[in-house]
Visitor: 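My questions will all concern the structure given below.
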Amino acid sequence: MNLTTSPWLVRRRKRPEAPLRLYCFPHSGGSPGEYVRWSDALDDVEVWGIQAPGRGSRVTEQPATSVQEFVDGLLDTTEFTAPFVFFGHSLGGLTAFETARALRAAGRPMPEHLVLSAYPAPHLDHPRTPLHTLGDDELLDAVDRRYGGLPEALRDDPELVRLVLPAYRADFTIFETYRHETQRPLDVPITVLGGSDDIATPLLPEWRRHTTARFELRLLPGGHFYLRDRPEEFMHELRRTICP
């Protein structure tokens with residue numbers, strides 16, 4: 001495995017001498033581009049984004065439709081350079097957590113810290129609206145409602161829709177078909193972040209049962225995408241979490 005050639009990893013700024021690496025797992029339908037920009041504010045961290053099949057330069061590849069497929073594909077081709085931290089927002093919180101469990105099972109280096117954002121504790125039952133079974137137009141409408149207005153360029157370009165919609169559908173399939181498998185807790189600190197007005201927030205404290213190490217829950221003003229609402233406040237919180 002070679003870190004620099006893994007198709008799963010992208011970065012904006014090379015910082016091979018940085019004392020820490022932050023690997024960011026995007027939300028449903030998200031791309032790593034939103035996360036690698038954080039390197040502008042985290043000047044002593046090398047920030048990597050996880051680019052799954054079906055996104056960005058991998059848009060022509062078949063996207064993963066289960067957590068197991070996602071994690072297997074990532075670990076088969078990717079080596080994480082220690083010391084490192086995982087950050088995952090929404091669905092990215094789930095994939096980051098399951099990746100950490102898979103690293104432990106394989107006896108590979110573990111993250112120093114898991115920072116999980118706006119995703120309910122995985123062992124809990126919670127409503128999962130079956131979006132992945134919707135027709136294309138209905139799925140686009142659902143994505144529009146969940147993530148804000150879709151660009152008109154996307155709506156008006158059937159070819160572009162054909163390229164990006166499978167990734168959205170795959171991500172919703174991962175979320176909606178996920179079934180938690182009970183394992184012993186991780187021996188890794190977990191910090192959970194969330195928006196005070198997010199529907200997922202009441203389910204965040206239960207993450208504490210998934211670690212035998214330190215657990216913290218911190219809420220910031222805003223909804224599910226609180227990190228976009230007040231980016232400077234979020235970045236301050238992230239920095240003090242991963243660079244204490």
Visitor: Mind checking whether Trp38 and Asp40 have side chains closer than 4.5 Å, heavy atoms only?
Guide: no

Visitor: Salt bridge or not for Arg179 and Asp125, using N-O below 4.0 Å?
Guide: no

Visitor: Test Leu103 against Phe80 for side-chain contact (heavy atoms from CB on, under 4.5 Å), laying out the working first.
Guide: CA-CA 10 Å; Leu103 287 173; Phe80 302 102; 4.1 Å; yes

Visitor: Step by step, would you call Arg37 with Glu34 a salt bridge (charged side-chain N to carboxylate O under 4.0 Å, His left out)?
Guide: CA-CA 6 Å; Arg37 287 195 294 271; Glu34 178 173 357; 5.5 Å; no

Visitor: Looking at every heavy atom in both Ala52 and Phe70, which two are closest together, and how far apart are they?
Guide: CB-CE1, 3.8 Å

Visitor: When you compare the side chains of Tyr226 and Glu233, does any donor N or O come within less than 3.5 Å of an acceptor on the partner?
Guide: no

Visitor: Taking Arg15 for the side chain and Val45 for the main chain, is one N or O donor matched with an acceptor at less than 3.5 Å?
Guide: yes

Visitor: Which pairs pass salt bridge (Lys or Arg N to Asp or Glu O under 4.0 Å) with one or both residues in residues 182-199, sequence neighbours excluded?
Guide: none

Visitor: Go through Leu238 and Phe234 one step at a time and tell me if the side-chain contact (heavy atoms from CB on, under 4.5 Å) criterion holds.
Guide: CA-CA 6 Å; Leu238 180 62; Phe234 166 75; 4.1 Å; yes

Visitor: Taking the basic N atoms (NZ, or NE/NH1/NH2) and the acidic carboxylate oxygens, is any pair closer than 4.0 Å for Arg214 and Glu216?
Guide: yes

Visitor: Quick check on the 6.0 Å ring-centre criterion: do Phe97 and Trp207 meet it?
Guide: yes

Visitor: Quick one: sort the His123 and His210 rings into parallel, tilted or perpendicular, breaks at 30° and 60°.
Guide: tilted

Visitor: Does the pair Arg58 and Arg55 meet the rule for a side-chain contact (heavy atoms from CB on, under 4.5 Å), with working shown?
Guide: CA-CA 5 Å; Arg58 308 183 70 190; Arg55 287 97 175 146; 5.8 Å; no

Visitor: Can you label the angle between the Tyr23 ring and the Phe86 ring as parallel, tilted or perpendicular, going by 30° and 60°?
Guide: perpendicular

Visitor: Determine whether Thr212 and Leu186 make a side-chain contact, defined as any pair of heavy atoms from C-beta on separated by less than 4.5 Å.
Guide: no

Visitor: Could you tell me if Tyr35 and His27 have a donor-acceptor pair between their side chains, going purely by distance under 3.5 Å?
Guide: yes

Visitor: Is there a side-chain contact between Arg101 and Val71 (heavy atoms, below 4.5 Å)?
Guide: no

Visitor: Donor-acceptor pair, Arg104 side chain versus Pro109 backbone, under 3.5 Å?
Guide: no

Visitor: Is it the case that the ring center of Phe87 lies less than 6.0 angstrom away from the ring center of His113?
Guide: no

Visitor: Checking the side chain of Arg239 only, and the main-chain atoms of Glu237 only, is there a donor and an acceptor separated by less than 3.5 Å?
Guide: no

Visitor: Please assess Leu193 against Val115 for the test side-chain contact (heavy atoms from CB on, under 4.5 Å), listing each intermediate value before the final yes or no.
Guide: CA-CA 7 Å; Leu193 304 177; Val115 185; 3.9 Å; yes

Visitor: Judged by atom type as modelled, is there a donor-acceptor pair below 3.5 Å linking the side chain of Arg21 to the main-chain atoms of Ala18?
Guide: yes

Visitor: I'd like to know if the side chain of Ser57 pairs up with that of Gln51 as donor and acceptor (distance under 3.5 Å, no hydrogens or angles considered).
Guide: yes

Visitor: Would you mind checking if Arg13 and Glu46 are paired as a salt bridge, meaning a charged N to carboxylate O distance below 4.0 Å?
Guide: no

Visitor: Begin with the C-alpha distance, continue with both residues' side-chain angles, and end with the deciding distance and a verdict on side-chain hydrogen bond (donor to acceptor under 3.5 Å, both in side chains) for Thr78 and Ser6.
Guide: CA-CA 5 Å; Thr78 308; Ser6 170; 2.6 Å; yes

Visitor: Got a sec: does the CD of Glu232 have more than 12 other heavy atoms crowding it under 6.0 Å?
Guide: no

Visitor: Taking Thr211 for its side chain and Val188 for its backbone only, find out whether a donor-acceptor pair lies under 3.5 Å.
Guide: yes

Visitor: Can a cation-pi geometry be assigned to Arg228 and Phe225, taking NZ or CZ under 6.0 Å from the six-membered ring centre and within 45° of the ring axis?
Guide: yes

Visitor: Which heavy-atom pair separates Trp48 from Arg11 by the least distance, and what is that distance?
Guide: CZ2-NH1, 3.2 Å

Visitor: Does the ring centre of His89 sit less than 6.0 Å away from the ring centre of Phe25?
Guide: no

Visitor: Is a donor on one side and an acceptor on the other found under 3.5 Å between the side chain of Glu98 and the backbone of Leu94?
Guide: no

